[in-house]
Chemist: 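First the structure, which I've put down as C-alpha cells, then a few questions once you've had a look.
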Amino acid sequence: MLPVQQAEEIIFNAVHPFNSERDREIVDLLTATGRILAQEITSKLDFPHWDNSAMDGYAVRYTDVAETNAEKPVKLEIIEEISAGKTPQKSIQFGQAARIFTGAMMPEGADTVIMQEVTQREGNFVTILNSPKPQAFVRKKGTFSQAGTALLSPGISIGGTEIAVLASAQCTQIPVYRRPVVAILSTGDELVTPEQPLKPGQLVDSNQYALASLVSQTGAIPQMLGIIPDDRELLKNAISQALESADIVISSGGVSVGDYDFVDQILSSLGGEIQIRAVAVKPGKPLTFARFNDSSKPSSILYFGLPGNPVSSLVTFWRFVQPAIRKLSGISQGWQPRFVLAKSQHSFKSDGKRESYFWGQLHLVNGEYEFSLAGGSQNSANLINLAQTNGLAVLPVGETLVNVGDWVQVLQV
Ligand SMILES: Nc1nc2c(c(=O)[nH]1)N[C@H]1C(S)=C(S)[C@@H](COP(=O)(O)OP(=O)(O)OC[C@H]3O[C@@H](n4cnc5c(N)ncnc54)[C@H](O)[C@@H]3O)O[C@H]1N2
Ligand code: MOO
Ligand SMILES: [Mg+2]
C-alpha cells in the first residue's frame with residue numbers, strides 16, 4: 001500500500017495540463033463563465049480611456065483656485081456643460097470653468113474638479129469656496145492600466161469579475177481551454193439503474209450519478225457509459241471504448257481481491273501501465289491508477305479504478321481525481337486539494353494504520369472553521385449520511401483519536 005503523499009505525487013505528476021494551442025477553443029463572452037482562460041488578455045485601451053471627472057461639479061484650472069477660501073472666494077465663468085459621453089468643445093482659459101458630471105471627459109486646460117457641494121452657482125458663474133488639492137477628482141487616463149499591459153493571465157477561472165474586465169477590454173471572443181472529457185462506468189452484476197425494479201441482492205448504481213455530477217461541477221464533461229456486468233470480455237470492451245473517447249476514465253468497483261474484481265487484469269491486458277494498486281487511505285484502499293500511452297494521442301489517458309463502496313469512490317475522487325481534472329483543465333494555481341484547519345465539534349477514532357477520512361460539515365464560526373462529523377455510521381458502504389458533506393477531516397497514519405475541540409486538517413470538498 002502506497003502512502004497517500006506518494007500516491008498523490010504519482011497521480012499529479014502523470015497529469016500534463018492542456019496545451020494552450022491544441023486544447024483551446026473560442027467561446028462568446030458570457031459562455032466563458034466557469035471556463036479556464038487559455039491566453040493572456042491585453043487591451044489596446046488605456047484605463048481610464050481619457051481624463052474624466054469623478055464627481056458632479058466644475059472642471060477648473062488648479063492655478064485659478066489654489067488660494068481660495070471662504071474669505072477669498074473665486075468666481076469663474078462657466079463656458080460649457082459636459083455630460084458623460086460628450087466630447088468637450090472648448091478649452092478652459094484663465095478665470096473659466098466647465099460644468100461637468102461624473103464620468104464626463106475633462107476639457108482641455110482644466111486639471112481639477114470641484115464638487116458642486118462646495119460651490120455657489122449664479123447663472124453663468126460659479127463661486128468656489130474652498131481650495132482643492134491639485135488634480136482633485138480627476139481620474140487620469142491610463143492610471144488604472146496602460147494600453148498593452150496584461151489584464152488577465154492564462155490559467156485563471158473566469159467568473160463575473162473577469163467577465164467585467166473582458167467586456168471593458170472589448171474582448172468578446174474568449175480563448176478558453178476545452179473541457180476535459182471524463183468517461184465513467186460502473187461495474188457489478190448486482191447493480192441496477194435508479195429506474196429499474198430492485199430484486200433481492202441488487203443495489204442501485206449510485207456511484208455513476210454521483211461521479212458524473214462531481215465531474216460536471218469540476219468543469220469537465222462526463223460521459224456515462226452505464227453499468228457493465230462482472231464479465232471480463234464485456235468489461236474489457238467497455239474500458240477500451242472509454243479509452244478511445246476520453247481524457248480520463250473512471251470506473252467504480254472491481255478493484256479489490258475478489259474473484260469478480262477484474263479491473264486491474266483488464267488494464268494490464270489492454271497495455272495500461274498500472275502505477276498504483278492500493279493506497280494506505282481509509283476509505284479507498286484498493287484504488288487503482290494507470291496510464292495509457294497512445295502514440296496517436298498527444299498525452300496519456302489516465303485511468304482511475306475507484307473502489308466500489310460509495311464513500312470509498314467519492315473520497316478517492318475528491319482526494320485524487322478532482323485535483324487531477326483541475327490540473328488537466330489548465331488551471332495554473334489552486335488546482336491542488338485544499339485543506340483548512342478546523343476545530344472538531346465531535347470526537348472520532350481510527351486504528352492509525354491508514355490515513356483516515358471522516359465526512360461531515362465545515363462551518364466558519366467567528367472567523368474560525370469548525371468541523372462537525374456527519375451523524376450516523378461512518379462506514380464506507382453508507383452513503384445515506386453523505387448529503388451536505390463539504391469537508392473530510394483527516395487523521396494521519398499513527399494518529400488514533402480526535403477529541404472535541406482538537407484542531408484537525410479538513411479537506412474542502
Ligand atoms: N478480502 C478483502 N476484501 C476486501 C478488501 C480487502 O482488502 N480484502 N478491501 C475492501 C475494501 S477496503 C473495499 S473499498 C472494497 C472495494 O471493492 P471493489 O472495488 O472490488 O468493489 P466491489 O467489490 O465491486 O464492490 C464493493 C461494494 O460497493 C458496492 N458498489 C459497487 N459499485 C457500486 C456502485 N456503482 N454504486 C453503488 N454501490 C456500488 C458493491 O455492491 C459492494 O457492496 O473491497 C473490500 N473487500
Ligand atoms: O477502505 Mo474500503 O475503501 O472502504 O472500505
Ligand atoms: Mg470487490
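Order of appearance sets the numbers: ligands from 1, and atoms from 1 within every ligand.
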Chemist: Relative to the heavy atoms of S312, which atoms of ligand 2 are at a distance of less than 4.0 Å?
Modeler: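 Result: 2 (Mo), 3 (O), 4 (O), 5 (O).
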Chemist: Among all protein heavy atoms, pick the one closest to atom 2 (C) of ligand 1 and tell me residue, atom and distance.
Modeler: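 Heavy-atom neighbour on the protein nearest atom 2 (C) of ligand 1: V257 CG2, 3.5 Å.
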Chemist: Based purely on interatomic distance, does K282 place a nitrogen or oxygen under 3.5 Å from a nitrogen or oxygen of ligand 2?
Modeler: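 The answer is no, given that K282 and ligand 2 share no N or O pair closer than 3.5 Å.
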Chemist: Look at atom 34 (C) of ligand 1 and find which of T187, N207, D189 reaches it with the closest heavy atom.
Modeler: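 It is N207 that holds the nearest heavy atom.
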Chemist: Tell me the protein heavy atom at minimum distance from atom 38 (N) of ligand 1, and give that distance in Å.
Modeler: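 Result: L203 CD2, 3.3 Å.
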Chemist: Checking N390 against Q412 for the side chain to side chain donor-acceptor pair (under 3.5 Å) test, could you report, in this order, the C-alpha distance in whole Å, the side-chain angles of both residues, the deciding distance, and whether it holds?
Modeler: CA-CA 6 Å; N390 65 350; Q412 283 188 308; over 6 Å; no
Chemist: Under a 4.0 angstrom heavy-atom cut-off, which atoms of ligand 1 come close to G253?
Modeler: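 By the 4.0 Å cutoff, the relevant atoms are 19 (O), 21 (O), 24 (O).
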Chemist: Does the pair K140/D111 count as a salt bridge with the N-to-O cut at 4.0 Å?
Modeler: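 Salt bridge flag = no for D111 with K140.
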Chemist: For ligand 1, which atoms, with element, lie under 4.0 Å from some heavy atom of S186?
Modeler: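 Atoms satisfying the 4.0 Å criterion: 35 (N).
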Chemist: What atoms in ligand 2 come closer than 4.0 Å to a heavy atom of N309?
Modeler: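 Result: 4 (O), 5 (O).
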Chemist: Using only atom types and a distance under 3.5 Å, with no angle test, would you say the side chain of N309 pairs donor to acceptor with the backbone of V311?
Modeler: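 Such a contact is absent between N309 side chain and V311 backbone.
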Chemist: Among protein heavy atoms, which sits nearest to atom 35 (N) of ligand 1, and what does the distance come to when rounded to 0.1 Å?
Modeler: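 Closest protein heavy atom to atom 35 (N) of ligand 1: D205 OD1, 2.8 Å.
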Chemist: Looking at every non-hydrogen atom in both residues, tell me the closest pair between F320 and E8 and how far apart they are.
Modeler: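 Scanning both residues completely, I find the closest heavy atoms to be CE2-N, 3.9 Å.
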Chemist: As an exercise, identify every atom of ligand 1 less than 4.0 angstrom from a heavy atom of S252.
Modeler: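 Under 4.0 Å from S252, ligand 1 has these atoms: 35 (N).
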Chemist: Would you mind running through ligand 2 and noting each atom that sits below 4.0 Å from a heavy atom of S380?
Modeler: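 Listed by number with element, the hits are 4 (O), 5 (O).
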Chemist: Considering only protein heavy atoms, which is closest to atom 30 (N) of ligand 1, and at what distance to one decimal place?
Modeler: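 For atom 30 (N) of ligand 1, the nearest protein heavy atom comes out as G308 O, 3.3 Å.
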Chemist: Carefully, step by step, assess S186 and N207 under the rule side chain to side chain donor-acceptor pair (under 3.5 Å).
Modeler: CA-CA 7 Å; S186 295; N207 289 353; 5.8 Å; no
Chemist: Hey, looking at atom 21 (O) of ligand 1, which of P307, G254, S251, S256 has the closest heavy atom?
Modeler: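 It is G254 whose heavy atom sits nearest to atom 21 (O) of ligand 1.
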Chemist: Does P286 come within less than 4.0 Å of ligand 1, judged by its heavy atoms?
Modeler: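 Yes, P286 has a heavy atom closer than 4.0 Å to ligand 1.
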Chemist: Would L383 count as a contact of ligand 1 if the rule is a heavy atom under 4.0 Å away?
Modeler: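 No, that is not the case, since the closest heavy atom of the residue is not under 4.0 Å from the ligand.
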Chemist: Are W318 and Y357 an aromatic pair by the rule of ring centers under 6.0 Å?
Modeler: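 No: the rings miss the under 6.0 Å criterion.
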Chemist: Report, in ascending order of atom number, the atoms of ligand 1 lying under 4.0 Å from any heavy atom of S206.
Modeler: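 By the 4.0 Å cutoff, the relevant atoms are 36 (N), 37 (C).
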Chemist: For I79, is there any backbone N or O sitting under 3.5 Å from a side-chain donor or acceptor partner on K90?
Modeler: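 The answer is yes, because a donor-acceptor pair under 3.5 Å joins these two groups.
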Chemist: Do N385 and S377 have side-chain atoms, one donor and one acceptor, less than 3.5 Å apart?
Modeler: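 No, no side-chain donor-acceptor contact under 3.5 Å.
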Chemist: Indicate yes or no for a side-chain donor-acceptor contact from T31 to the backbone of V27 under 3.5 Å, with no hydrogens or angles considered.
Modeler: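 Here the side-chain-to-backbone pair does not exist.
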Chemist: Which option wins on minimum heavy-atom distance to atom 3 (O) of ligand 2: A280, A278, G284?
Modeler: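 Result: the heavy atom closest to atom 3 (O) of ligand 2 is in G284.
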Chemist: Could you check which of D261, L185, V192 puts a non-hydrogen atom nearest to atom 23 (O) of ligand 1?
Modeler: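 Minimum heavy-atom distance to atom 23 (O) of ligand 1 goes to D261.
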Chemist: Can P307 be said to touch ligand 2, with heavy atoms closer than 4.0 Å?
Modeler: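 No; P307 lies far enough from ligand 2 that no heavy-atom distance drops under 4.0 Å.
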Chemist: Donor-acceptor pair, distance only, cut-off 3.5 Å: does the side chain of N130 make one with the backbone of N69?
Modeler: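 No; zero donor-acceptor contacts below 3.5 Å.
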Chemist: Check whether S268 reaches the backbone of I266 with its side chain - one donor and one acceptor, N or O, closer than 3.5 Å.
Modeler: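 Checking the backbone N and O of I266 against the side chain of S268, no donor-acceptor pair under 3.5 Å is found.
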Chemist: Give the atom numbers and elements of ligand 2 that come within less than 4.0 Å of a heavy atom of K285.
Modeler: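 So the answer, numbered in order with elements, is 1 (O), 3 (O).
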Chemist: Any side-chain to backbone donor/acceptor pair from N403 onto D406? Under 3.5 Å, distance only.
Modeler: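 Not confirmed, N403 side chain does not pair with D406 backbone.
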Chemist: Please test Q116 against R99 for side chain to side chain donor-acceptor pair (under 3.5 Å), starting from the C-alpha separation and ending with a verdict.
Modeler: CA-CA 9 Å; Q116 68 191 46; R99 177 74 168 126; 3.0 Å; yes
Chemist: So which bit of P283 gets within less than 4.0 Å of ligand 2, heavy atoms only: side chain, backbone, both or neither?
Modeler: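 The answer is both.
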Chemist: Under the side chain to side chain donor-acceptor pair (under 3.5 Å) criterion, do D28 and T172 qualify, and how do the steps go?
Modeler: CA-CA 6 Å; D28 292 340; T172 54; over 6 Å; no
Chemist: Quick check on P283 - does any of its heavy atoms sit under 4.0 Å from an atom of ligand 1?
Modeler: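 P283 does not count as a contact of ligand 1 under the 4.0 Å cut-off.
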Chemist: Identify, for atom 41 (O) of ligand 1, the protein heavy atom at the shortest distance, and state residue, atom and that distance.
Modeler: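 It is E190 OE2, 2.6 Å.
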Chemist: Heavy atom under 4.0 Å from ligand 1: found in V204's side chain, backbone, both, or neither?
Modeler: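 Looking at V204 and ligand 1, just backbone atoms fall under 4.0 Å.
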Chemist: Taking the six-membered ring for Trp, are F47 and H49 ring centroids under 6.0 Å apart?
Modeler: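 Here the rings of H49 and F47 have centres that are less than 6.0 Å from each other.
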Chemist: Looking only at protein heavy atoms, which one is nearest to atom 7 (O) of ligand 1, and how far off is it?
Modeler: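 Nearest neighbour among protein heavy atoms for atom 7 (O) of ligand 1, to 0.1 Å: K285 NZ, 2.7 Å.
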Chemist: Specify the protein heavy atom at minimum distance from atom 15 (C) of ligand 1: its residue, its atom name, and the distance to 0.1 Å.
Modeler: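 Its nearest protein heavy-atom neighbour is N309 ND2, 3.7 Å.
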Chemist: What atoms of ligand 2 come closer than 4.0 angstrom to any heavy atom of R354?
Modeler: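 The list of qualifying atoms is 1 (O).
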Chemist: Do W359 and L386 have side chains that approach each other closer than 4.5 Å (heavy atoms only, starting at C-beta)?
Modeler: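 Yes, close enough: below the 4.5 Å cut-off.
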